[in-house]
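In this text the structure is predicted, and so the values were computed from the model without any measurement. First the proteins, then the strands, lettered A, B, ... as listed; each starts at 1.
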There are 2 protein chains.
Amino acid sequence: MTSPNTREAILAAASELYADRGYDAVSMRDVAAAVAIQPASLYHHFKDKDALILAALEHVFSARAAPARDILLEDRPPGKRLDAFIDWLVRLYFDDAAFARLTIRGLLDGNDERKAYLATTVIDSVFAPLSQLISELSAAVDPGLTAASIISLIVGHSQVASTFVHLPRKLRALGEADALSAHIKGFVRRSLGLSNPSEAAP
Amino acid sequence: MTSPNTREAILAAASELYADRGYDAVSMRDVAAAVAIQPASLYHHFKDKDALILAALEHVFSARAAPARDILLEDRPPGKRLDAFIDWLVRLYFDDAAFARLTIRGLLDGNDERKAYLATTVIDSVFAPLSQLISELSAAVDPGLTAASIISLIVGHSQVASTFVHLPRKLRALGEADALSAHIKGFVRRSLGLSNPSEAAP
DNA sequence: GTCTATACGCGGATAGAC
DNA sequence: GTCTATCCGCGTATAGAC
């Protein structure tokens, strides 16, 4: 029962729609239309709208953690790995607007159970190696809090950017992943006491 | 026309409801019920739902901008002002969960027109003095980008906190405004090249 | 597994009396 | 300015044929 192909297609379409417009604003009719099936058919694959939302969330998040982990654990100097991680995360939030929005919706709309599940499975698999990396780079800072700050900084930037670009100032870097990434790397490095990109790697 | 009291009551009730449940999930009937008037009466005060949302957003945001501005422009050394601003903003996002959610919803659900309006009116009134302050503190960084980073950092923290507290680590500071504030002040100060809180003020 | 048809309530919005 | 009454479309969900 439940053809895998249709199910996958539904999840792909639903993720994108939800990310774009939010859970409430996307009707089952919308999802069905995007997959070119009848609304009633959705209910063959998912019990109700809530089940579809949860499945869509899981579908998206599980794909992202592995690459991040790889970067953090690579066989390179810690300074390089930190840079690479920041580059990767900025790019992810920059290029994949759907993912960025889903992240926030998860933080905003997710109930505690959902958050706890995400934290212990997906997030910690990135958070733990990042904390470890920071402790290798500086003994003067709290690795956990600093890891949280780095992620917060990037996630925060990805959100405020859409509003800040309207400010009556030229903050062009906010609209270019590479420029923003360079700025954030500098910001974080200085905070860790690593003055410039090339000298930092022991 | 339009009794100011009723209008205010509507805005107060609507802000809270929107923050809690999102724009889509809150019906005009819900708002009306919260104010104990009939749904139709809302349309005497606001043209349609969209106008109500915008007015509610403005209502909340403009009330917060003035104190922030005051802190940034006080007659104190720049280092002290920066610390005070961070303290204040962390507290705001920490204590006022409704405001925190409304911020995110504004970033997430707001259409471009809404964002541009908020950016040029409310946000810039805080952003401009903050940039100015940073340029006084350090000639080595881009004031605009750094201002954006400081705000992003705090906004980001306020959001991820609800998920990060579920991590299998002791990040107690994420749950205490003062501790988080201290960490962020240190993070930012180091990034600006101001080593410790007391020496920084010229 | 996907379709057609349909029940049924909710939500935005307006008309017009008071 | 607030009310009652009402229009009408949209959204979730189910029944049952193919």
Whichever of A/A25 and B/R29 has the more 5' nearest nucleotide on DNA chain D, that residue is B/R29
Has A/H44 got a side-chain N or O lying under 4.0 Å from the OP1 or OP2 atom of C/dC3?
no
Any side-chain N or O of B/T6 below 4.0 angstrom from OP1/OP2 of D/dG1?
no
Could you state the atom-to-atom distance from [atom1] of [X] to [atom2] of [N] in whole Å?
X: B/I37; N: D/dG1; atom1: CD1; atom2: C1'; value: 9 Å
X: B/L42; N: D/dC3; atom1: CG; atom2: C1'; value: 13 Å
X: A/Y43; N: C/dT4; atom1: OH; atom2: C1'; value: 16 Å
X: A/D30; N: D/dT12; atom1: CG; atom2: P; value: 8 Å
X: A/Q38; N: C/dT4; atom1: CD; atom2: P; value: 4 Å
X: B/K49; N: C/dG12; atom1: NZ; atom2: P; value: 4 Å
X: A/H45; N: C/dT2; atom1: NE2; atom2: C1'; value: 8 Å
X: A/L52; N: D/dA13; atom1: CG; atom2: P; value: 10 Å

Among B/D70, B/D95, B/D96, which one satisfies salt bridge (Lys or Arg N to Asp or Glu O under 4.0 Å) with B/R64?
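For B/R64, the salt bridge (Lys or Arg N to Asp or Glu O under 4.0 Å) check succeeds only for B/D96.
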Across the strands shown, which category fits B/S41 at heavy-atom distances under 4.0 angstrom: base, sugar-phosphate, nothing?
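The residue B/S41 makes base contact.
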Return yes if a side-chain donor-acceptor contact under 3.5 Å exists between B/S181 and B/D178, otherwise no.
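Per modelled atom types, B/S181 and B/D178 side chains form no pair under 3.5 Å.
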Over 60° means perpendicular and under 30° means parallel, so classify the ring planes of B/H183 and B/H157, tilted if in between.
perpendicular
Basic-acidic side-chain contact under 4.0 Å: B/R101, B/E16
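Looking at B/R101 and B/E16, the cut-off is not met.
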